[in-house]
Amino acid sequence: QLVESGGDLVQPGESLRLSCAVSGFNVNGRYVGWVRQAPGKGLEWVSILYSGDSAYYADSVKGRFTVSRDISKNTVDLQMNSLRAEDTAVYYCARVMSYYFCEDWGQGTLVTVSS
Amino acid sequence: QSALTQPASVSGSRGQSITISCTGTSSDVGGYNVVSWYQQHPGNAPKLIIYQVNRRPSGVSDRFSGSKSGNTASLTISGLQSDDAADYYCCTWAGGGSLVFGTGTKVTVL
């Protein structure tokens, strides 16, 4: 099971940290990804945390977002800096299996960037 | 990485079969047998219905089937039911650590 938290209304340029609390598997050595969905739009990959510290970032968030795991809490966090209006979306975390499909998804957390 | 191309909408009558296409390139869809498909009802998280092109997770109806030919993957829903009305997305590995979704298809059951 995956449960996201941390979504909020923030102003452009501000920061926000999302957390994905995982139960049922250990985040250490597992792949966990963040997917977002802007209002009325499709799904978009944001970041994927692979084993070790290897991570993928979409071009649209590279340099602004950082994904990390907290083994002690069994969470995967997404630090989002310099937020823009276009980052407004529901953010989902998902378990990415070894053949690159998402078996489990969280319920999503809403991030709204607006002045 | 550009999104994979799906038709914006597909419709069918109850009991009929429909097919949703997902077109990419030899660098994504055509290059790897890891296409997955997701169903999303409004207000809900996506749900995995097909993985590795044509495999179904436990609990998913056998009315859902997947295939791939060249750079195009397809999802077929047979015996269309009212609950199949939803948005559907394909997804695949695109190399360099990246995954890419399709543009999404809205299925309407007439």
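Letters A, B, ... mirror the listed sequences (proteins, then strands); counts begin at 1.
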Grouping I, L, V, M, F, W and Y whenever their side-chain heavy atoms are under 4.5 Å apart, do A:V113 and A:V90 come out in a common cluster? no
Is chain B contacted by the side chain of A:L43, its backbone, both, or neither, given a heavy-atom distance below 4.5 Å? both
Please table the atom pairs, donor to acceptor, closer than 3.5 Å between any side-chain atom in residues 8-15 of chain A and protein atoms at least two apart or in another chain.
from: A:E14; atom 1: OE1; to: A:Q11; atom 2: N; distance (Å): 3.0
from: A:S15; atom 1: OG; to: A:N81; atom 2: OD1; distance (Å): 3.0

Do A:M97 and B:F101 sit in one hydrophobic cluster, given that two such residues count as connected whenever their side-chain heavy atoms are within less than 4.5 Å of each other, even indirectly? yes
Output the donor-acceptor atom pairs between chain A and chain B under 3.5 Å, with atom names and distances to 0.1 Å.
from: A:Q37; atom 1: OE1; to: B:Q40; atom 2: NE2; distance (Å): 2.8
from: A:Q37; atom 1: NE2; to: B:Q40; atom 2: OE1; distance (Å): 2.9
from: A:Q37; atom 1: NE2; to: B:Y89; atom 2: OH; distance (Å): 3.4
from: A:Y50; atom 1: OH; to: B:G97; atom 2: O; distance (Å): 2.7
from: A:Y92; atom 1: OH; to: B:Q40; atom 2: NE2; distance (Å): 3.4
from: A:Y92; atom 1: OH; to: B:N44; atom 2: O; distance (Å): 3.4
from: A:C102; atom 1: N; to: B:Y38; atom 2: OH; distance (Å): 2.7

What part of B:V35 lies closer than 4.5 angstrom to a heavy atom of chain A: side chain, backbone, both or neither? neither
Bottom line for B:P46: the part with an atom under 4.5 Å from chain A's heavy atoms is both
Let me check something: do B:L48 and B:L75 share a hydrophobic cluster, defined by ILVMFWY side-chain heavy atoms less than 4.5 Å apart, either directly or through other members? no
Please find the pair of heavy atoms, one from A:G106 and one from B:A45, that lie closest to each other, and give the distance. O-CB, 3.2 Å
Are B:V34 and B:V60 joined in one hydrophobic group, where the rule is that I, L, V, M, F, W and Y side chains link up if heavy atoms are under 4.5 Å apart? no
Is it the side chain or the backbone of A:V96 that comes within 4.5 Å of chain B heavy atoms, both, or neither? side chain
Within one Ile-Leu-Val-Met-Phe-Trp-Tyr cluster: A:V35 and A:L49, side-chain cutoff 4.5 Å: no
